Amino acid sequence: MRIDIWSDLTCPWCYITKRTFELALSSSGRSDVHVVLHPYQIDGERPAEPTPMLEWLAGKYGPDRAARMNKEVTAAGPRHGIAFRNESGFAANSLDAHRLLRWAGLSHGRPVQSRLEELLFAACFTESADISDHEELLRRVERAGLDRERAGRLLASDEGVAEVRAEMRRAREFGIGAVPRFDFGGAQRVEGPQEDPAVFLRVLRPVSSATRGEES
């Protein structure tokens with residue numbers, strides 16, 4: 001089964017939903033899944049410079065709504081092993097981080113890409129780091145077990161820029177206006193924040209297997 005995922009590294013609910021999905025995938029027992037991660041930027045390549053996260057949200061949604069959004073996601077985080085620290089975090093352009101994820105997936109496969117993705121989400125939401133800073137990105141690359149020198153050459157060039165931008169443009173042309181979004185073999189879809197693995201298990205587990213489990 002091919003699973004296409006559209007996700008934004010600056011979206012806290014994408015972080016939560018990634019963990020929910022991977023828990024479901026592990027529980028499903030499936031070994032025939034091919035995950036393809038697609039880049040997405042809710043705000044495009046803004047802000048141009050790193051900006052305190054809650055300041056950015058308040059400018060976009062208004063102070064009251066921004067405060068509610070932060071409270072909701074901060075309360076949800078511990079249920080998934082995430083300690084959000086948005087008060088000290090930054091909103092930043094994630095283009096280069098998406099370029100690295102694309103390279104990791106193409107050169108090392110989904111498990112390594114997922115490990116780097118986790119480190120990038122953590123940088124943004126729990127470790128108050130700037131994911132547009134190249135040195136910060138290279139530290140994450142090393143922690144993921146990837147080649148720092150090769151990643152440095154990528155970041156110093158325009159490698160992957162056109163491809164990542166084209167993917168994000170196609171996503172919007174395809175009608176994707178919000179993330180996270182999961183497409184399962186082109187037949188079923190899960191959209192929006194998910195905290196319950198059962199949502200994904202209903203798609204991942206064949207009906208016959210679920211039925212056998214209920215009967216046993």
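Just the heavy atoms: all of them, side chains too, but no hydrogens, waters or symmetry mates, feed the values below. Please read all numbers here as calculations on a predicted model, not as lab measurements.
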Query - Contact summary for Glu195 and Ala76, nearest pair of heavy atoms - result: OE1-CB, 3.8 Å
Query raised in the report: Going from CD1 on Ile42 to CE on Met168, what distance comes out if it is rounded to the nearest 0.5 angstrom?
Result: 12.0 Å
Query raised in the report: Counting N and O atoms only, with roles assigned by atom type, does the side chain of Arg189 sit under 3.5 Å from a partner on the main chain of Asp183, one being a donor and the other an acceptor?
Result: no
Query - Test log, rule side-chain contact (heavy atoms from CB on, under 4.5 Å), inputs Asn70 and Met53 - result: CA-CA 10 Å; Asn70 179 52; Met53 190 176 296; over 6 Å; no
Query raised in the report: Is Val164 reachable from Val161 through a run of I, L, V, M, F, W or Y residues, each pair having side-chain heavy atoms under 4.5 Å apart?
Result: yes
**Report entry** side chain to side chain donor-acceptor pair (under 3.5 Å) partner of His38, the single match among Arg170, Arg181, Glu167
**Finding:** Glu167
Report task. Establish whether Phe21 and Leu116 are linked, either directly or via other cluster members, by ILVMFWY side-chain heavy-atom contacts under 4.5 Å. Result -> yes
Report task. Might you point out which heavy atoms bring Pro50 and Phe90 nearest each other, and give the distance in Å? Result -> CB-CD2, 4.5 Å
Query raised in the report: Is Leu106 reachable from Leu101 through a run of hydrophobic residues whose side-chain heavy atoms are each under 4.5 Å from the next?
Result: no
Query - Side-chain donor/acceptor of Arg19 to backbone N/O of Gly81, under 3.5 Å - result: yes
Query raised in the report: Crowded around Glu45 CD? As in, over 12 foreign heavy atoms under 6.0 Å?
Result: yes
Requested in this report: Look up atom CG in Leu120 and atom CG in Leu100, then write down how far apart they are to the nearest 0.5 Å.
Outcome: 7.0 Å
Report summary line: Looking only at heavy atoms, the pair that brings Thr20 and Asp196 closest together is CG2-C, 3.6 Å
**Report entry** Single-linkage hydrophobic cluster Phe121~Ile5, side-chain heavy atoms < 4.5 angstrom
**Finding:** yes
Query - Sidechain-backbone polar pair: Thr51 side chain, Ala91 backbone, donor-acceptor under 3.5 Å - result: no
**Report entry** Separation between CZ of Arg202 and OG of Ser28, rounded to the nearest 0.5 Å
**Finding:** 14.0 Å
Report task. Determine whether Val199 and Phe182 make a side-chain contact, defined as any pair of heavy atoms from C-beta on separated by less than 4.5 Å. Result -> no
Query - Basic-acidic side-chain contact under 4.0 Å: Arg110, Glu117 - result: yes
Query - Leu54 reachable from Tyr61 in the ILVMFWY side-chain graph, under 4.5 Å edges - result: yes
Query raised in the report: Can you tell which of Val190, Leu23, Leu25 makes a side chain to side chain contact (heavy atoms under 4.5 Å, CB included) with Phe200?
Result: Val190
Report task. Identify the two heavy atoms, one from Ser128 and one from Ser88, that lie closest to each other, and give their separation to 0.1 Å. Result -> OG-OG, 2.6 Å
Query - Selection residues 59-70 - residue pairs positive for salt bridge (charged side-chain N to carboxylate O under 4.0 Å, His left out), sequence neighbours left out - result: Asp43-Lys60
Report task. Grab the two heavy atoms, one from Arg30 and one from Val203, that are nearest each other, plus how far apart they are. Result -> NH1-O, 4.3 Å
Query raised in the report: Does a salt bridge link Arg153 with Glu159, judged by any charged N lying under 4.0 Å from a carboxylate O?
Result: no
**Report entry** Side chains of Ser94 and Asp8 in contact at under 4.5 Å (non-hydrogen atoms)
**Finding:** yes
Query raised in the report: Knowing that exactly one of Val179, Leu95, Thr10, Leu9 qualifies, which makes a side chain to side chain contact (heavy atoms under 4.5 Å, CB included) with Gln41?
Result: Leu95
Query - Arg99 and Glu163 ion-paired at < 4.0 Å - result: no
**Report entry** Pairwise distance CG(Leu119) to CZ(Arg115) - rounded to 0.5 angstrom
**Finding:** 8.5 Å
Requested in this report: Calculate, to the nearest 0.5 Å, the distance between atoms CH2 and CD1 belonging to Trp6 and Ile176 respectively.
Outcome: 4.0 Å
Report task. Check step by step if side-chain contact (heavy atoms from CB on, under 4.5 Å) holds for Ile82 and Val73. Result -> CA-CA 10 Å; Ile82 303 169; Val73 77; over 6 Å; no
Requested in this report: Quick one: do Arg172 and Tyr40 satisfy side-chain contact (heavy atoms from CB on, under 4.5 Å)? Show the steps, please.
Outcome: CA-CA 9 Å; Arg172 294 189 183 278; Tyr40 197 88; 3.0 Å; yes
Report task. Evaluate the salt bridge (Lys or Arg N to Asp or Glu O under 4.0 Å) criterion for residues Arg148 and Glu135: first the C-alpha distance (whole Å), next the side-chain angles of each, then the deciding distance (0.1 Å), finally the verdict. Result -> CA-CA 10 Å; Arg148 178 189 175 106; Glu135 281 302 312; 2.7 Å; yes
Query raised in the report: What closest approach, in Å, do Ser114 and Glu22 show between heavy atoms, and which atom pair accounts for it?
Result: OG-OE2, 2.8 Å
Query raised in the report: About how many Å separate OG of Ser107 and CG of Leu146, when rounded to the nearest 0.5 Å?
Result: 6.5 Å
Query raised in the report: Going by the angle between their ring planes, with limits at 30° and 60°, are Phe84 and Tyr15 parallel, tilted or perpendicular?
Result: perpendicular
**Report entry** Side-chain (Gln194) to main-chain (Glu191) donor-acceptor, under 3.5 angstrom
**Finding:** yes
